[in-house]
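Below you'll find the structure, written out as structure tokens, and then a few comments.
Just so we're on the same page: letters track the sequence lines, and every chain starts at 1. These numbers come from the heavy atoms of this one structure, side chains and all, not from hydrogens, waters or symmetry mates.
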2 protein chains.
Amino acid sequence: MQSRTPASRTGRPRSAAADAAILAATRQALVELGWSKLTLGDVATRAGVAKTTLYRRWAGKNELVVDAVAELFDELELPDRGSLADDIEGVVLQFAAILDRPEARSGLMAAVAESTRDEALRERIRTSIVDRQKRLVLEGRTRAQCRGELPTEPDPGAAARTVDLIFDMVAGAVVHRTLMSGKPADADWVRDFTRVLLQGLGSERAEAAAPPGDGGQGVSAS
Amino acid sequence: MQSRTPASRTGRPRSAAADAAILAATRQALVELGWSKLTLGDVATRAGVAKTTLYRRWAGKNELVVDAVAELFDELELPDRGSLADDIEGVVLQFAAILDRPEARSGLMAAVAESTRDEALRERIRTSIVDRQKRLVLEGRTRAQCRGELPTEPDPGAAARTVDLIFDMVAGAVVHRTLMSGKPADADWVRDFTRVLLQGLGSERAEAAAPPGDGGQGVSAS
DNA sequence: AGCTTTCGCTACGAGTCGTAGCGTAATGCC
DNA sequence: GGCATTACGCTACGACTCGTAGCGAAAGCT
């Protein structure tokens, strides 16, 4: 995951248990100490390994934290709830739940901050976290197209741009809501957000997502 | 800006020039070193002040960087370009230009990361940066309502929720696009984004924002 | 067996942190 | 002018973390 494994067949193999222990210890340290006060020596002690073992596997704090945080986002999945609106609300709530965990908050943001000055780290974040979750958008989109909720896009270039746009809007809004505005992305907020997004995408069932007589008062621009 | 100033009338006043020099030096250090390698001793040297002066005014690295970054976002303004779509595109492009500067990227994200474990810092970011720029949404909204581009919202509670939602969607999407996806928020992207947002908000002139015959190919869900 | 790689441990110089102490400079008040 | 008060520059300090080097032992493979 973090270094080359070109089928190095000879010699003592690296302990997979140590990897798991180190990543778990990293997340625990993120919870208790946060990014800036997290030291590799402390992580090594928590994991029950020597500090030198850490440096043999990861180049530094940045790479270690990225790997530790990336595992959190692999929990995300997209169960079929019958409609595009419900699918989006479900996955957004999952995403918000992950961002509620302190190890995800401080770890992810700090890694992104460091990646602004480290091209290799930026690439690591892209492949380990960002691009990995774009699958959810792709899956939900094709599913909605099969249902007839979204029109098909003949031009593959435009389709790719739209997928990127949706991904940035969804993930960006949730992150900004929870971390910058400091307010919870609860069910009410997610419902409002989904309604705006679907209507913006030209979904024919955008209004159907809001059951009539639910008290009105939905987001209808103000 | 950073400490109590309860009309302390006696004694030598604090040098305002030193404040400006320190904040400028902090931004320069952010550009050259990034967050993690930035040291207060180095900032003091760049600013031409003693290290102790820094500690007398700011509690630590976090607070200093927040103040240094906050000044960057005060440049934002909302010139009247005639239509809501053009207003949004204009301010989003300004925001993207600020996020293009390395001192804003690393400084802002690192501060947000640290704020996840520091309630006082989180409040400082909210008042100094986030809430400060919400004025742009409020101004653009009332302006659009005067033009008849957006319906008025009688319920103040729902209106406030909508303003928050718009703010999180706009700022979040731009930040995620530039920092997470690592792609530029250029004119094409901003146009697509604005179109989706306006249509999602129920703007009556959402389609008018896209001049007919511009080659089609716009974001229309795919 | 022999070979290879990993692991735990110790120790080390380098660098940063945040603070204390001191003398000096710049104000307001009398 | 003289005085009190506060800010400033400078030096020095212990505590801590960093990342690396070196060593012997352990755990695989052929």
Quiz prompt | Residues B/E32, B/R27: salt bridge by 4.0 Å N-O rule | solution = no

note: A/K37, atom NZ; D/dA15, atom P; distance rounded to Å ~ 19 Å

Heavy atoms of B/L76 and B/R135 approach each other most closely as O-NH2, 3.1 Å

- Task: Report yes if a side-chain nitrogen or oxygen of A/R14 is closer than 4.0 Å to either non-bridging phosphate oxygen (OP1 or OP2) of C/dT6; otherwise report no.
- Result: yes

Report, one pair per line, the protein and nucleotides 27-30 of chain D atoms (nitrogen or oxygen only) whose separation is under 3.5 Å.
unit_1, atom_1, unit_2, atom_2, d
D/dA27, O4', A/R12, NE, 3.4

Atom CG of B/L54 and atom C1' of D/dG9 are separated, to the nearest Å, by 13 Å

Side chain to side chain donor-acceptor pair (under 3.5 Å) test vs A/S36 passes for just one of B/R117, B/E114, B/K61, namely B/E114

Nearest heavy-atom approach of A/R143 to A/D80 is NH1-CA, 3.2 Å

Partner of A/S181 under side chain to side chain donor-acceptor pair (under 3.5 Å), picked from B/D131, B/D168, B/D164, is B/D168

Note: contacts of residues 105-115 of chain A with DNA chain D (heavy atom, under 4.0 Å) are none

Side-chain contact check for B/L40: nearest option of D/dG9, C/dG18, C/dG8 is C/dG18

inquiry  = Taking the side chain as everything from C-beta on, heavy atoms only, tell me whether A/R141 gets closer than 4.5 Å to A/L84.
reply    = no

From CD1 of A/I22 across to C1' of C/dT6 the rounded distance in Å is 12 Å

To the nearest angstrom, the OH-P distance between A/Y55 and C/dC12 comes to 18 Å

On DNA chain D, more 5' by nearest nucleotide between A/T52 and A/D42 is A/D42

Looking only at N and O atoms, is any donor in the side chain of A/T39 or the base of D/dC16 less than 3.5 Å from an acceptor on the other one? no

Does the base of D/dG19 carry an N or O that pairs as donor and acceptor with the side chain of A/K51 under 3.5 Å? yes

* Asked: Is there a donor-acceptor contact under 3.5 Å from the side chain of B/E63 to the main chain of B/G60?
  -> yes

Rounded to whole Å, CG of A/D19 lies from P of C/dT6 at a distance of 12 Å

A/E63 CD to D/dG19 P, in whole Å, measures 10 Å

In whole angstroms, the gap separating P of D/dG19 from CG of A/L64 amounts to 12 Å

In whole angstroms, the gap separating C1' of D/dT6 from CZ of B/R56 amounts to 10 Å

Going by atom types alone, do B/D118 and B/S115 pair a side-chain donor with an acceptor below 3.5 Å?
no

Counting C-beta onward and ignoring hydrogens, is there a side-chain heavy-atom pair between B/D100 and B/R105 closer than 4.5 Å? yes

